Amino acid sequence: MAVPLFDTDTPLAPFREQIIERVSAVIRGGHFILGPEVKAFEAELAAYVGAKHAIGVANGTDALTIAVRAAGVEPGDEVIVPSMTFYATAEAVAAMGAIPVFADVDYDTRNLTAATVKAAQTPKTKAVVTVDLFGMPALSAQIKHETGLPVIEDAAQAIGASLGGKRAGMLGDAGTFSFYPSKNLGAFGDGGAIVTDDDHIAEIARALRFHGSKDKQSFEYVGYNSRLDEIQAAVLRVLLPQIDAWCDGRRAGAQAYVDAGLGDHFKLPGSLDGAVPAWHLYVPAADDADAKLAKLNAAGVQARAYYRTPLHRQPAMAQFAPAHELPVTDELARTILALPISPVFTRAQADEVVAALAA
Ligand SMILES: Cc1ncc(COP(=O)(O)O)c(C=O)c1O
């Protein structure tokens, strides 16, 4: 049987009728932008992560750009980012005129640490964007404490994770989420959000998503048209209450890989004290990752090379390429492989993946 990289369909099936009803209600109501669904979703998301504020925006990339600006970063400022992440993390910084400065990551967690951030810090550094890569929380609070820099947590892949009892998204000064359909909490289109306890960041972010205006009369900033829409908010309100059970399913899937003996074929992702990962992707490493990828794909297992080219080696980021090497990032980029995982991933599927590797 084919094993899909993501299974977004099966977990959604029990909620499809309810979603259709809620979307129909939005259509009947005729209020499509910044209405009651977005307001209610923002309150429910804030309650879920334990934030004072949640601000719905158009996607996870805008969430980052807006959060970075709201945290006080201005064009020309340096912002430290990992190179081992999805392209949008650095793109969001560059798009607002700031300079992404690439730092190396820790092998086990695949995330920035205080030490790697400090190695990249200069007097021009204004902030750090940590990424909770593949659903493993980064040590954002420690990075903030040891560098004194504001931290924006890119939790696009990590809703449902926690560290030391705090939810992903709330580990720095502001956190951002993506509701891209294949994410742990996926909309039926694009969507994103910013969460924060900081009143000032929230106020600016709320204005930036609406053309830099608080009242539609006076325009204080050159902002964005970046709103979560009512239809997506209605979908997300049905699915948000499922996130803990879905992430439990993802964690059971990761355990199924361990029990099935995946460790005989790959170096498995490391753990972190106090962390409960959300396993958006399960990404082990092996020297012959590409040979394993070919073998898995031939057996119908949809593995994929995430992220084979790190950001500091991407053409558009050439102007920001660091003078020094990022050895752990390069090592991971060469060897990691994303394997199938989902809220409904089974031990039988894990056995199938391991059997394909052993064949
Ligand atoms: C780590 C990370 N940051 C940012 C984003 C951007 O989110 P979006 O696609 O909603 O703009 C994504 C996902 O696409 C991501 O995985």
Side-chain angles (χ1 to χ4, degrees), residues 5-6 8 41 45 54-69 79-96 98 100 102-103 105 109-112 127-138 140 151-161 168-169 171-172 174-195 205 208-209 224-229 232-233 235-236 239 247 250 269 277-283 304-312 314 316-317 329 332-333 336 338 341:
L5 183 62
F6 302 105
T8 45
F41 174 68
L45 178 65
I55 299 127
V57 295
N59 55 67
T61 309
D62 284 3
L64 268 174
T65 299
I66 290 171
V68 166
R69 274 188 68 184
V79 178
I80 295 173
V81 298
S83 173
M84 174 46 63
T85 174
F86 179 61
Y87 181 66
T89 306
E91 183 187 39
V93 170
M96 55 136 307
F102 294 105
V105 292
T109 61
R110 285 84 157 106
N111 287 329
L112 294 180
V128 184
V129 177
T130 54
V131 177
D132 302 327
L133 198 67
F134 307 138
M136 172 65 82
S140 298
V151 172
I152 293 94
E153 179 192 1
D154 179 352
Q157 301 186 356
I159 194 164
L171 301 171
T176 62
F177 293 114
S178 163
F179 305 123
Y180 183 79
S182 63
K183 290 288 193 277
N184 288 11
L185 177 63
F188 286 9
D190 278 310
I194 299 155
V195 291
L208 286 176
R209 81 165 168 188
Y224 308 91
N225 176 2
S226 182
R227 284 122 14 172
L228 182 68
D229 69 66
Q232 299 310 330
V235 173
L236 290 166
L239 301 181
C247 288
R250 291 175 175 279
W279 296 132
H280 171 58
L281 291 162
Y282 195 71
V283 188
R304 201 180 292 167
Y306 275 62
Y307 299 97
R308 200 52 94 235
T309 306
L311 303 193
H312 70 291
Q314 292 291 352
M317 292 291 146
T329 296
L332 287 167
I336 56 179
I341 193 137

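Just so you know, ligand 1 is whichever comes first in the structure, and atom 1 is the first atom listed for that ligand. From a predicted model like this one, the values you see are computed outputs, not experimental measurements. Index from 1, following the sequence.
In this structure the side chain of I336 reaches within 4.5 angstrom of the side chain of F134, judged on heavy atoms. Two residues are said to be in side-chain contact when any heavy atoms from C-beta on lie closer than 4.5 Å; P137 and L171 meet this criterion. Proximity of Y224 to M96: side-chain heavy atoms (C-beta onward) are separated by under 4.5 Å at one or more points. Two residues are said to be in side-chain contact when any heavy atoms from C-beta on lie closer than 4.5 Å; Y87 and L311 meet this criterion.
In the candidate list A156, G192, A158, A156 is nearest to atom 15 (C) of ligand 1, counting heavy atoms.
Near N59, the atoms of ligand 1 lying under 4.0 angstrom from a non-hydrogen atom of the residue are 10 (O), 11 (O). Within ligand 1, the atoms closer than 4.0 Å to a non-hydrogen atom of A88 are 4 (C), 5 (C), 6 (C), numbered from 1 in the order shown. Listed by number with element, the atoms of ligand 1 under 4.0 angstrom from any heavy atom of T89 are 1 (C), 3 (N). Taking every heavy atom of T85 and a limit of under 4.0 angstrom, the matching atoms of ligand 1 come to 1 (C).
Residue L133 does not touch ligand 1, judged by heavy-atom distances below 4.0 Å.
Residue S178 has at least one nitrogen or oxygen atom sitting less than 3.5 Å from a nitrogen or oxygen atom of ligand 1, judged on distance alone. When only interatomic distances are considered, the shortest N/O to N/O separation between T61 and ligand 1 falls below 3.5 Å. Where the criterion is an N or O separation shorter than 3.5 Å, residue side chain and backbone included, G60 meets it with respect to ligand 1. In terms of polar-atom proximity, D154 is counted as a contact of ligand 1, with an N or O under 3.5 Å from an N or O of the ligand.
Nearest to atom 16 (O) of ligand 1 among the protein's heavy atoms is Q157 NE2, 2.9 Å.
Between K183 and ligand 1 there is a heavy-atom distance shorter than 4.0 Å.
Ring geometry for F179 versus F177: interplanar angle under 30°, hence parallel rather than tilted (30 to 60°). A tilted orientation is assigned to the rings of H312 and F102, their planes being inclined by 30° to 60°.
Enclosure of atom OH in Y180 is not indicated, since only 12 or fewer non-hydrogen atoms of other residues, nucleotides or ligands lie within 6.0 angstrom.
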Where do T329 and S83 land on the side chain to side chain donor-acceptor pair (under 3.5 Å) test, with the steps shown first?
CA-CA 7 Å; T329 296; S83 173; 5.2 Å; no
